[in-house]
Structure formats: structure tokens, C-alpha cells
Amino acid sequence: MSKLLRKYQQKEERNGVKTIHEVLKENAPLEYVEFRLLDFTPGAKYTETLQDKECCIVVVTGKVTVTDGTSIFENIGTRENVFERIPTDSVYVSNDKTYEITAEKKAVIALCYSPSSKPLPTRLLKAEEIGVEERGKFNNKRLVHNILPDSDPTANSLLVVEVFTETANWSSYPPHKHDVDNLPEESFLEETYYHEIDPRQGFVFQRVYTDDRSLDETMAVENGDVVIVPKGYHPVGVPDGYASYYLNVMAGPKRIWKFNNDKDHEWIIHR
């Protein structure tokens with residue numbers, strides 16, 4: 001089994017909340033990125049104190065109310081299925097704050113963490129304000145929801161984005177990497193991918209590899225899985241008949257997304 005692939009697995013339900021994924025510093029080869037995925041029954045609550053972390057609370061599906069004790073955002077969330085392909089609501093909460101999530105209906109929530117150097121205001125990232133863009137050409141087309149891009153000063157470290165890749169297309173392609181702290185040429189950003197697939201019984205392929213091949217893993221990724229990208233190139237291939245969704249979390253020593261393509265494959269963007 002790959003060390004970078006985390007399979008969908010429901011742990012024991014506690015107070016109406018099931019933990020699907022828990023990618024933390026103590027169980028993953030990451031220093032800057034942590035990730036949780038929680039499944040809520042209606043009325044369930046989850047509370048956390050962040051200490052030295054910041055968190056982007058992404059309402060993947062369903063509706064919830066989020067409060068940090070001062071601000072309250074009621075009935076947020078826009079979709080029942082990610083493949084409605086519409087942006088969703090999220091909430092940014094910075095370090096030293098305690099937040100509570102209450103499920104107004106069944107909901108799936110992603111908690112995206114990174115280190116935080118200073119407190120910042122809690123903010124609702126409204127679905128209607130999320131930047132939407134199309135990237136790529138030929139068979140490398142994808143739809144992007146920029147939840148927390150590096151152009152948004154809301155966060156200290158976090159970058160969060162959703163990507164939809166249609167059938168028989170490639171994504172994060174040509175292969176690119178951001179694993180060297182060498183600005184302005186390249187930034188160091190760790191990354192996680194949370195995947196969903198339509199129809200659910202499908203799979204995608206994701207390869208994570210470095211130039212020297214000291215890291216080189218190719219994974220068959222199924223619905224609900226997480227792939228960890230501590231370094232290296234990380235393309236995703238979507239088979240015919242299926243569509244792909246993934247939620248990316250990135251963070252590093254500097255909050256800038258500056259990548260380099262694999263030179264062996266960069267020629268494809270110049271056709």
C-alpha cells in the first residue's frame with residue numbers, strides 16, 4: 001500500500017460526527033498541511049480550539065452554522081453533491097480561536113489547516129464571491145474554484161482550491177511541482193488532494209514523483225480517498241466515462257503558489 005494514499009474509512013461516530021480522514025503531522029510526512037474530513041448527522045456539533053493553526057472550514061456538502069463565539073454564519077453551504085459544480089461557502093478561522101460547527105442537515109465538512117503566525121479576522125468566504133476559472137486545453141481541461149488563493153490576503157499560510165476535471169482529461173497537467181523554496185522561480189508548498197468521482201464506483205490515477213525518482217508512486221484513487229503530496233510532480237488522469245473532483249490544501253513557509261512544469265512534458269502546452 002502506498003504511504004501517500006489514504007483510503008476512505010469511517011471511524012467510530014462520536015456525538016453524530018464521523019471522522020473520515022485525519023491527515024496530521026504525527027501520521028503523515030507533512031510539516032505545513034493538515035486535513036480532516038468529517039461527516040455530520042443533522043444537529044451534530046464539532047468544536048475545536050486552534051492554538052497555533054489556522055483553518056479553512058469548507059462545506060463540501062450540506063448546510064451548517066459556524067461560530068467563533070463572536071461571529072456567526074448561519075445555514076451556509078450551497079450543494080448536496082460536489083458534482084453540481086457550483087462554488088460552496090467556507091469559513092476562515094485563525095489561530096488562538098475556538099470555533100463550533102453545527103449541522104443544520106446532513107453535511108460533509110473539510111477542515112484545512114496550516115501554521116499561523118498571527119491572529120486574523122474570522123471571515124465567511126461566500127460562494128458567490130469565489131473566483132471561478134477554466135484552465136487547460138485539448139484533453140487537459142478543468143474547472144477551478146479558488147476558495148483561498150494566494151491573491152486573497154485572508155490567511156497567513158493556507159491556500160485552498162477545488163478542481164473539477166471532466167471525463168478523459170488530465171489535471172495538474174502537464175506535471176508540475178512546487179517543492180523548492182527558491183522564489184521568485186519556485187515556492188515550497190506541501191499539498192493534499194481529497195478526491196471524489198462521478199459515478200462513485202470509478203477511479204482516477206495520480207502519480208507523485210521527483211526528478212531523481214527517489215519518490216515515484218502511481219496510485220489508483222477511488223471515491224473519498226486522499227493523496228498526500230510532500231514534494232514532487234503530481235498529475236491526475238481521469239478515465240473515460242468518469243468525472244473527477246478534488247479539494248486541494250496547500251501551505252509552506254511562504255504563501256505564494258509558484259510552480260515549475262516537468263521540462264520533459266512542458267512541450268504539450270506550446271502546441
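Side-chain contact, E191 with N248: a donor N or O sits under 3.5 Å from an acceptor N or O. With hydrogens and angles left out, the side-chain atoms of E196 and Y8 include no donor and acceptor closer than 3.5 Å. A side-chain donor from one of N146 and E133 sits under 3.5 Å from a side-chain acceptor of the other. Looking only at atom types and distance, the side chain of Y246 has a donor-acceptor partner in the side chain of S172 under 3.5 Å away. If you check the side chains of T49 and Y99, you find no donor sitting under 3.5 Å from an acceptor.
Between E186 and K177 there is a salt bridge, since a side-chain N of the basic residue sits under 4.0 Å from a carboxylate O of the acidic one. Between K7 and D225 a salt bridge is recorded (basic side-chain N to carboxylate O distance below 4.0 Å).
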Report the C-alpha separation of R142 and E162 in whole Å, then their side-chain angles, then the decisive distance to 0.1 Å, and conclude whether the salt bridge (charged side-chain N to carboxylate O under 4.0 Å, His left out) test is met.
CA-CA 10 Å; R142 55 268 196 203; E162 293 182 314; over 6 Å; no
Run the side chain to side chain donor-acceptor pair (under 3.5 Å) test on K118 and N156 for me, step by step, so that the C-alpha distance in whole Å, both residues' side-chain angles and the decisive distance to 0.1 Å come before the verdict.
CA-CA 7 Å; K118 62 181 184 296; N156 286 307; 3.0 Å; yes
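Put simply, the side chain of I109 reaches to within 4.5 Å of the side chain of I57, judged on heavy atoms. Looking at E185 and N182, their side chains come closer than 4.5 Å, going by heavy atoms from C-beta outward.
For F259 and H176, the ring centers are positioned less than 6.0 Å apart.
Remark: Y209 engages Y233 in a ring-ring contact (aromatic ring centres under 6.0 Å, His included) (not counting sequence neighbours).
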